[in-house]
Amino acid sequence: MTAQDPPPEHPRPHPARTIGYMIPSFVLRLVQFILIVVGATVGTATLIIWIGFPILLAVTGFIRWSGDLERRWARRMLGTPLGPVERLSLDGQPMTRRWLTRLSDPTTWRDLSYLLVAFPLSIVELPIALASIVLLPMAIWVTPWLGWLHGNLALSMLGPNRTKKLEKKAEHLQASRARGVDAAEAERRRIERDLHDGAQQRLVAVAMSLGRAKSKFDNDPNAVRDLIDEAHSDAKLAVSELRDLARGIYPAVLGDRGLDAALSAQAAKSPIPVDVHVDVEPRPPAAVETTAYFIVGETLTNIAKHSGATEAAVKVWRSDTHVITEITDNGHGGAEVRPGGGLAGLADRAATIDGVITVVSPVGGPTVIRADLPCQW
C-alpha cells in the first residue's frame, strides 16, 4: 500500500470476487430476511400458547448461524478480516434460558442489525453486479469500491465490539512492551559485554603500561619509551572500539543524513551486491529510523552468513502511517522465526515501537523480510 491508496481496514477486493459475492448474496439475504421476519412474527404471536418459544429460539439460532455465515462469506470473497466472535455460552441450559441468553448476547443483535441492513443493500448491489458483467469500466472502477465499502460495513457490524477491540489492543501493547523490555535488556547486556571484553581491557592495559613506565622513569628511559608506545597503541585501540560501540548504538551518519545514506553505507560493506532504494519523505521519527537501520543491518549480515544468496535488495518507503522496510535475497530460502533466533530478535526490536515483522521464505527462495513500523504511537 502506498501513500496514494485509501486507508481501508482491508484492501479493495478483485472485481470478479466482488461480482461473485453480490449476485448470490441477494438470494441468500432474501431467504434470511423472509425467515427472520416471518419467524419472529409467528413466534411473537404464539408466545401466549408457548409454541412461540421454540420458534423464537430457532429464529435466534438462525440469526447467529447467518451472522457466522456472513463473516466467512465476506472474508473469503471480499478479503474482510472477520474472524469468529465470542458468544455467551449455552451449554447445559434449558430451552427458555437458552433463548434469553441469546437475547441478552450483544452479538445476536449485531448480527440481526447487519442482516436487516444487508438485504436492502443487496437489492441495490444486484443490478450493479449484473451490469458490471457487461460494462468493463464499471467492473474495474465501481464494483471494487462498492465491495470495499460493503466489507467495511461488515467489519464494523460483525467484527469485534469496541470493548473486545480495546482488550485486544491492550494485550498487544502489553506483549509489545514486554518484548521491548527484553530487547532493551539484551542490548544492555551486549553493550556491557563489549565494554568489558574490549575497551575496558584496553584501558586496563593502558593503565598498567603507564604504571610500569612511571616506576621505571628514572632508571630505564628506553623501557619507559617502549611502555609509553605500548600504552599509546592500546589507547588508540580502545578509542576505536568505543567508536565502533557508539556506532552500534546509534550511527552518526543516520542522525546526520538519514536512512538513505545510512543504508547505502551498510550495503557498501556487504560482501554481496545490495540494491538500495529509499523514499521516506517526510523524515520519520528517530526511533523508526534507528529500528529500520538495525533491522536492515542484521538482516544483511544474516543473508551474507546463512542464505547462500548472490544478491539482495533493500527497499524502504513510507505510507501515511508506516515506514515499510523490505529486504529481499535470492538465497536458498527456508528462513523462519524461531524462539531465540535472529529473526525473533528482529521481531522483538520491531515490537519496541509496535512494529511487525513478516517473513516469506519458501524452500528454494527467494526470501522476503518485511517490517511495518508505525510512525505514530
Side-chain angles (χ1 to χ4, degrees), residues 8-10 13 17-18 20-129 146-169:
E9 289 84 352
H10 64 94
R17 283 185 170 272
T18 306
Y21 174 82
M22 291 178 177
I23 295 176
S25 292
F26 171 76
V27 179
L28 173 65
R29 291 182 187 132
L30 176 61
V31 173
Q32 290 171 342
F33 186 81
I34 293 174
L35 290 179
I36 291 171
V37 172
V38 172
T41 302
V42 173
T44 303
T46 56
L47 272 176
I48 192 170
I49 56 175
W50 294 96
I51 298 176
F53 281 108
I55 295 176
L56 290 177
L57 180 64
V59 170
T60 55
F62 179 74
I63 290 171
R64 289 154 65 99
W65 177 84
S66 298
D68 290 338
L69 177 64
E70 290 287 350
R71 290 180 180 89
R72 294 192 299 270
W73 185 229
R75 181 172 65 248
R76 179 178 179 181
M77 300 300 292
L78 300 180
T80 306
L82 282 167
V85 294
E86 295 183 7
R87 301 184 186 274
L88 298 180
S89 177
L90 304 176
D91 295 340
Q93 297 182 1
M95 181 180 66
T96 305
R97 185 63 183 171
R98 293 176 67 187
W99 176 59
L100 294 175
T101 300
R102 287 176 177 174
L103 288 181
S104 63
D105 190 345
T107 306
T108 301
W109 293 101
R110 293 169 59 219
D111 292 344
L112 176 61
S113 299
Y114 175 80
L115 295 173
L116 295 179
V117 170
F119 173 62
L121 282 179
S122 66
I123 298 175
V124 177
E125 292 171 350
L126 178 63
I128 296 176
L146 190 60
W148 173 78
L149 290 172
H150 192 117
N152 279 339
L153 174 67
L155 186 62
S156 64
M157 299 186 73
L158 297 178
N161 59 32
R162 181 176 176 82
T163 301
K164 294 295 183 182
K165 288 180 180 178
L166 291 176
E167 289 177 355
K168 186 175 181 180
K169 185 175 182 180

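In this chain, numbering begins with 1 at the start of the sequence shown.
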Chemist: Tell me the closest heavy-atom pair linking Leu115 and Ser66, and the distance in Å.
Modeler: CD1-CB, 3.7 Å
Chemist: Which atom pair, heavy atoms only, marks the closest approach of Leu126 to Ile23?
Modeler: CD1-CA, 4.1 Å
Chemist: Is Arg71 reaching over with its side chain to a backbone N or O of Gly67, donor-acceptor style, under 3.5 angstrom?
Modeler: yes
Chemist: Heavy-atom distance under 4.5 Å between the side chains of Leu57 and Phe53, does that happen here?
Modeler: no
Chemist: Is there side-chain contact between Met157 and Ser113, with at least one heavy-atom pair below 4.5 Å?
Modeler: yes
Chemist: Would you confirm whether Ser156, through its side chain, and Leu153, through its main-chain N or O, come within 3.5 Å as a donor-acceptor pair?
Modeler: yes
Chemist: Any chance you could measure Arg64, atom CZ, to Thr107, atom OG1, to the nearest 0.5 Å?
Modeler: 7.5 Å
Chemist: With a 4.5 Å limit on heavy-atom distance, are the side chains of Leu47 and Leu56 in contact?
Modeler: yes
Chemist: Nearest heavy-atom pair of Pro13 and Trp148: which atoms, and what distance?
Modeler: CD-N, 3.8 Å
Chemist: When you measure from the side chain of Arg17 to the backbone of Arg76, do you find a donor-acceptor pair of N or O atoms at a distance under 3.5 Å?
Modeler: yes
Chemist: So do the side chains of Arg29 and Glu125 get within less than 4.5 Å of each other, counting heavy atoms only?
Modeler: yes
Chemist: Hey, what do you get for CD1 (Ile63) to CG (Leu116), rounding to the nearest 0.5 Å?
Modeler: 7.5 Å
Chemist: What is the minimum heavy-atom distance between Val124 and Ile128, and which atoms define it?
Modeler: O-CG1, 3.5 Å
Chemist: A side-chain contact here means heavy atoms from C-beta on lying under 4.5 Å apart; do His150 and Met22 qualify?
Modeler: no
Chemist: Say you draw a straight line from CG of Asp68 to CG of Leu82; how long is it, rounded to the nearest 0.5 Å?
Modeler: 10.5 Å
Chemist: Might you work through the side-chain contact (heavy atoms from CB on, under 4.5 Å) test for Thr60 and Asp105, ending with a clear yes or no?
Modeler: CA-CA 10 Å; Thr60 55; Asp105 190 345; over 6 Å; no
Chemist: Does any non-hydrogen side-chain atom of Thr80 lie less than 4.5 Å from one of Leu158?
Modeler: no
Chemist: Taking the side chain as every heavy atom from C-beta outward, state whether Leu30 and Phe119 have any pair of such atoms under 4.5 Å apart.
Modeler: yes
Chemist: Check Ile36 against Val59 and note the closest heavy-atom contact, atom names and distance.
Modeler: O-CG1, 4.3 Å
Chemist: Measure across Trp73 and Gly20 and return the closest heavy-atom pair with its distance rounded to 0.1 Å.
Modeler: CZ2-O, 3.7 Å
